[in-house]
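Report on one structure; see the data block that follows.
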Amino acid sequence: MSASEEPVRFTGIRRAEQNLVTGEDATAGCPSGDAGMPGSGSGCKLSRRSLLGGAAAVGAAAAASAAALEVFGGSAKPAAADTSSTAGSSSSGPAHQWAMVLDLRNCDGCKACTMACQQRHSLWPSQEWIKVYTMTTAAGGTYHMARPCQMCEDPPCLYVCPVGATFRTDEGLVLVDQDACIGCRTCMAACPYEARYFNWGDPKPAAKIPGMPRSPDWPVPQVKDTVGKCVWCADRLPKGELPACVAGCPMGVIYIGDLTTDVAINGLGNVVRLSEFIRDNDGVRFQEEYGTSPRVWYIPGHGQDLNSDSATA
Amino acid sequence: MADVTQREQSGDGYGDGDGNGNGNGNGNGYSHGDGYGHGDGHGDGDGGLRALAMRPVLRPGRWWAPTVGVLALIVAWGVAAWVVQYHRGLGSAGYNDHAFWAIYIADVVTFIGVSYGGAVVSAILRLTGAEWRAPLTRIAEGTAVVTVLIGGAFIFPHLGRPERILELIYRPNLSSPIFWDFVAVSTYAFASMVFFYLPLIPDLADAADRVTAAGRPRLGRLYRLVSWRWRATPAQRRILSGSVGLVAIMIIPLAVSVHSVLSWAFALTSRPWWHESIWAPYFVVAALYSGIALVIVIVALFRKLYGLQALIGERHFVRLGFILAPFGAAYLYLTLADFLPGGYVGDHGVAAVFSSVLVGRYAIGFWLFVVGGCIAPLLVIAIPRLRHTRQIVAAAVLVDLALWLKRMIMVVAPANYGRISGLFGSYHFTWISVSVTLAGVAAIPLLLLLLFRVVPILSVAEIEELAHAEQQVHIPSPAVIPAPTPVGVNTRRQPSDLLGRPATFDIAPETP
Amino acid sequence: MTPTPRPHPRPTARLAARLVARLAGLAGLTAAAGALILAGAGTGGGAAWAAAATPTVTTISVAPTPGKAPNLTLSATVTGDTATPVDFYVTTTLFGNPQLVPLGPATPAKGVATLTWTPTWTGNETFTAAVANPATGKIVTKAAASYTVTAATPGMSTAQANTPKPLATFGRGMVGFLLAIVFAIWATLLATLWRVSRGVAKHATT
Ligand code: SF4
Ligand code: SF4
């Protein structure tokens, strides 16, 4: 079953409604309601569009009556219903949990990933969704480190977004709905990885591609006065295509992978078993101390300490 | 009347709308005091007080319209700047990815912060039964309402997409501190309006006939409508004083919650210096400190503008100064407590931000704040020779400016810090952001002038009630106002109506 | 900021390692390292292998591991040289064209190399067993078979990757509590207004 024979498009981004503090799915955290209708009960993030008015928000939520809210119509579909699969999936749950591994042993800091991304997404040069930092070790050595969005399992950017414009798909991608973002930039304050870039003026114009209207997984062109960030080319993944940075890295540093099927691949066509690759090469995650549980692993390989080396942009 | 206002205008030049302008008039304040209410036509016994209270509504003076016009122009300019900003994008206000939060959020914090002062002066003094509060409460409560509205309005320039703000209501994320900011601010704003409105009821009932007689029948009808047939019957008094007390109690924790939640918009992120457990009380104290300072400024301004010197004397400013001082000291203390642990441990992000604030690029602003915003005002209040109206008002102005500066630093320094690169970005003021901010400043006197064009500036009922409790005190009629004999004051302490203990802030009146 | 494709100086060793890995269709570093070690360690290992009979993988069979569902046992029959490890692969189309995912090496015993694999996805899959020349990394012999995988467990559970958040329940409770307070405050304020308006109007006369 090849993706090219059987193209699968995102019919709609699956939004796993996230709960505060944990990032657990609201469906799991809220006892009430059916699986597809995240309840509004105490503490559960209200489903988008599930509330029609402020009075309803305050009153209904205070009454903690999730059932009453079903009247307003749930938008989220049951997760399994629109889970697309390209490689066959296990019987339940999302087919994939995307992850990345960056093998820093091979990174020479050429920034080809940054440029591939900026070209694909029509970004201004300052909008480095994947940004290559040059790190200096305590001993004075340097190495390079690319920083895409870490697609945190516990994304602080999501928790602080007041209107749920930042959301997380059930395949683990944190995306921004730029047609909903109010431009408050709280997410930029919250992201420990500085992965978010605002559109402070007009976005760079982009040629319209027929059949590809702007969506959270294809945020092109960007929207003025809203926030944008690396999306791991969420439009490509379901089609079995590699993200622009992965394909664009001539050194094969960046692996895109899937925790569920335990497979990862880089732009040179090297395929690895993800868990084994991370384990055997002592993969670490960046700034673990913030409790964000990133979906990106780094393989330092030269004994670098990602978390204490100083960097220059 | 005409020649009275003439005199006032030529004499003092009040109309400049400058909060600091008060200083020059203190000495001669009483000399033209005999002008108030002259020719008012309501020569009944206590008409002086009522005339004084209603003068801004009925005859604000010739300076009023030009002043309002100028202030309105400044505000309109700011709004125009905002429209330009909206079209060009937030970058035109000096923002960039390394200064994603800056002036507007500092303005939000500042304006909502100063609102607390009005609420607390009124609520706490009410709850503790400090009778000297009476002539101040209306102005203080009005300031609270006006500034919280302005502070809330600064959310609009702060947002990149203000037209989507209703999403906060119909698709909120309950785990976001920003959503709770919205909830807390709107709740507090509503409560402060209720707190402004309730004590207004007797005054409006009282003034309805007067404004009708003075040729504003529609205003009179409005007064009657919203004062619910108030006749000051014992039952009515009981209901009202109970309700006012309840709201006064509620407004204090509400205001605490607003400033806590505002601080949590910062502290709930992991950025160095924002992620501090002390920030919530820090913000609350800052709000009280700057808010009481603003009450001093506004009271001084309106005392001047509307000739209230007979009711509001130096002793009021001294007492407000005495309330101000402990908050200044507390703020200094919290500043130390804020910096010491992080600086001592020296985690690299925190150390970088702190050194930029204490000795680096923001140091000038920070030490200006320490000296000008904390130490100097404390000295003014501590040293008896300096403890006079003019100096206290000047100190209060300093406090407000310095606290705005402090908040700018608190917002911008951590936002500028690149957490991976360790480099600092920078924020630049632009004409747009400065215009919008100045518009907010001008909006305070503007809205207050407009507000006191429709409601009495003094809480007549309260003043009379407290004076009545003193039994002996008579409200001076305009013709015989002696020099600074304050109203409603003697050395007797009045038991607090709510707490049942003597008023805390009551001090002996100074001798003329 | 240099234009995209440009030649990169690569350390020779790294290049060699990659070459070996790529040619073999391997990327699992263990596998690559294994191959390298084998090549390097051979007391004339390469030569010995070349001299011996060339191995041939004749068949590969897939069967459930008894009592260890959903594990699968992959067995490859090798003839000729049976000292060189056999590498097992499963084909994935997750990223476009079919690609071989290395499942690991196994040294034949009595002509049969076996490997146990815990499937991470289901479907009709192609399994491959191959032997590469340790000196060149080139695959010299292979066999493939299809097998329908019916049960699978995720390779890495996301929970395992998570930092625990023990206060989450508390946070959820708190939001409900706070909403209730806000609701109570608004109700009290409105009730106060109502009480004053009604009460004052009602008691207008004593
Ligand atoms: S800027 Fe947009 S995405 Fe970020 S927190 Fe605000 S509304 Fe959410
Ligand atoms: S790296 Fe930043 S933007 Fe990406 S998910 Fe984590 S917190 Fe959000």
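Each chain gets a letter, A, B and so on, in the order its sequence line appears, and its residues count up from 1.
B:Arg419 touches chain A through backbone and side chain together, each having a heavy atom under 4.5 Å away. Residue B:Tyr104: no heavy atom, backbone or side chain, is found under 4.5 Å from chain A. In this structure, chain B has no heavy atom under 4.5 Å from any part of A:Pro156. There is no contact between A:Cys157 and chain B, counting heavy-atom distances below 4.5 Å. Heavy atoms closer than 4.5 Å to chain A are found nowhere in B:Phe266, neither backbone nor side chain. For B:Trp274, the part lying under 4.5 angstrom from a heavy atom of chain A is the side chain only.
Side-chain N/O atoms of A:Gln118 and A:Gln127 include no donor and acceptor closer than 3.5 Å. For the residue pair B:Tyr86/B:Glu163, the side-chain donor-acceptor check at 3.5 Å is satisfied. A donor and an acceptor atom, one from each side chain of B:Trp77 and B:Ser435, are located under 3.5 Å apart. Side chains of A:Thr166 and A:Tyr159: a donor-acceptor N/O pair is absent below 3.5 angstrom, by distance only. Between the side chains of A:Tyr143 and A:Thr136, not a single donor N or O lies within less than 3.5 Å of an accepting N or O.
Contact count against chain B (heavy-atom pairs under 4.5 Å) is highest for A:Gly183 among A:Gly291, A:Gly183, A:Cys191. In terms of heavy-atom pairs under 4.5 angstrom with chain A, the leader among B:Thr269, B:Ile178, B:Asp97, B:Leu90 is B:Asp97. Ranked by heavy-atom pairs shorter than 4.5 Å toward chain A, the options B:His98, B:Glu167, B:Arg161, B:His275 are led by B:Arg161. Among A:Asp225, A:Thr226, A:Val160, A:Asn199, the residue with the largest count of heavy-atom pairs under 4.5 Å with chain B is A:Asp225. Heavy-atom pairs under 4.5 Å with chain A peak, among B:Ile165, B:Ile105, B:Asp181, B:Asn96, at B:Asn96.
Of all heavy-atom pairs between A:Tyr197 and A:Glu194, the closest is OH-O, 3.8 Å.
A salt bridge does not link A:Arg147 to A:Glu128: none of the charged nitrogens lies less than 4.0 Å from a carboxylate oxygen.
Paired with B:Tyr95 under the rule ring pair (Phe, Tyr, Trp, His ring centres under 6.0 Å), one option of B:Tyr427, B:Phe100, B:Trp101 passes, and it is B:Tyr427.
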